[in-house]
Amino acid sequence: MADGSWKGIVDRDAFVLRPSARHLSVEAYSDDHEAKSRLLKYLRASDDLKTIHARLSEDEVIARGISRVDGLRLVRIPSWECIVSYVIATNSNVKRISRMVDGVATRFGDIVHEELHSFPSWKQLREASVEELVGCGLGYRAKHIHALCRTIDDGVIDRMGALPYEELRRELRQLPGIGDKVADCVSLFGFGHLEAFPIDVWIERALKRLYGATGSYAKLRGFAARRFGEYAGYAQEYLYHNERRLYKDGRCAFSQV
DNA sequence: GCCCAGGAGTGTG
DNA sequence: CACACTCATGGG
């Protein structure tokens, strides 16, 4: 795929937590090969969407979504940034999550360009006090982040990168502030396990509305694994964005079932 | 002023 | 196993 065709895709429909990341475009980094390489990894540029779409189109509901939700991509967020971001994200809303994560970056990260700050490394964030984190608007999540910085380090995260999905999920579930949903988000977006299927309130709604599927997290997770298999993460992304769109303005790529 | 938000932790039946 | 309750705080 030519570089130019990527421009604006992140802004349109890919999953982003930080508003600053929406300004990324491959063209802007044409002279910086390292930055360009990072961006292409972030965009999961090497994913074979034809194969993924073909597999997921075996499900008629997802097939309709794929044909109508143009340009959707799943992104690969750096592991540490992803872990912290999703612990912060619990029981909040997208707009506020963006503000909280950007607040943490502004307070503890490095300046990379004018007002733009990088996400703080583990070493940088572990210097943050609970009070400072509360000051970033994290509320009760502040103590989770503080504890998280004292439970794991860069070495632990590197080791996690070598684990298969189920084992990684078990490890993540033992960390402060990480339960079923966050463990699956981190497995998917932060470690690239495409079979992970995070179930939040929107996905729960979509599964009930489109498939009549209800029940516990474990039960719904089993349903998704059987139905969507190794690319369940992509199916989740289509279901999520479609469900949000339905509630936002009534437009829905999937027909009511 | 109310309910909800890309839930997790803890306690109880 | 399933529920019920609490946790800070902002968005709508």
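Each chain gets a letter, A, B and so on, in the order the sequences are listed, and its residues count up from 1.
- Among the protein residues, A/L175 comes within range of the sugar-phosphate backbone only, with heavy atoms under 4.0 Å from sugar or phosphate atoms but none that close to a base.
- The distance between atom CG of A/N93 and atom C1' of B/dG7, rounded to the nearest whole Å, is 13 Å.
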Q. Can you list the steps and then say if A/I157 with A/F191 is a side-chain contact (heavy atoms from CB on, under 4.5 Å)?
A. CA-CA 10 Å; A/I157 294 172; A/F191 287 93; 4.2 Å; yes
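- Across all strands, A/I178 comes closer than 4.0 Å only to sugar-phosphate atoms, never to a base (heavy-atom distances).
- Remark: P of C/dC1 and OH of A/Y217 are 15 Å apart, rounded to the nearest angstrom.
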Find every protein N or O atom lying less than 3.5 Å from an N or O atom of nucleotides 5-8 of chain C, and list the pairs.
residue	atom	partner	partner atom	Å
C/dA8	O4'	A/Y140	N	3.2
C/dA8	N6	A/N91	ND2	3.1

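- A/F228 and A/Y211 have perpendicular rings, their planes meeting at more than 60° on a 0 to 90° scale where under 30° would count as parallel.
- Across the protein-nucleic acid pair, A/L148 atom CG and B/dA8 atom C1' stand 13 Å apart, rounded to whole Å.
- For the pair A/R76 (side chain) and A/A45 (backbone), a donor-acceptor distance under 3.5 Å is absent.
- Of the possible polar contacts, one joining the A/E132 side chain to the A/S129 backbone as a donor-acceptor pair under 3.5 Å is found.
- Inspection of the A/Y238 and A/D59 side chains reveals no N or O donor paired with an N or O acceptor under 3.5 Å.
- Between A/K219 and the phosphate of C/dC1, there is no side-chain N or O to OP1/OP2 separation shorter than 4.0 Å.
- A straight line from CZ of A/R99 to P of C/dG12 spans 10 Å, rounded to a whole angstrom.
- The interatomic distance linking A/I97 (CD1) with B/dC4 (P) rounds to 17 Å, in whole Å.
- In this structure, A/R244 places its CZ atom 12 Å from C1' of B/dC4, rounding to the nearest Å.
- When each of A/E243, A/E237, A/R244 is tested with A/Y240 by the rule side-chain hydrogen bond (donor to acceptor under 3.5 Å, both in side chains), just one qualifies, namely A/R244.
- In this structure, A/R173 atom CZ and B/dG7 atom P are separated by 15 Å, rounded to whole Å.
- At a threshold of 4.0 angstrom between heavy atoms, the contacts of A/V182 are confined to the sugar-phosphate backbone, with no base atom among them.
- Comparing B/dG9 with C/dG10, their C1' atoms sit 22 Å apart, to the nearest whole Å.
- Atom P of nucleotide B/dA5 and atom CD of A/E204 are separated by 10 Å, given to the nearest angstrom.
- Although no hydrogens or angles enter the test, the distance criterion places a donor-acceptor pair under 3.5 Å between the side chain of A/R141 and the main chain of A/T90.
- Using atom P as the reference point in both C/dG11 and B/dA8, the two lie 22 Å apart (nearest Å).
- The separation of B/dG11 from C/dA8, taken at their P atoms, amounts to 16 Å, rounded to a whole angstrom.
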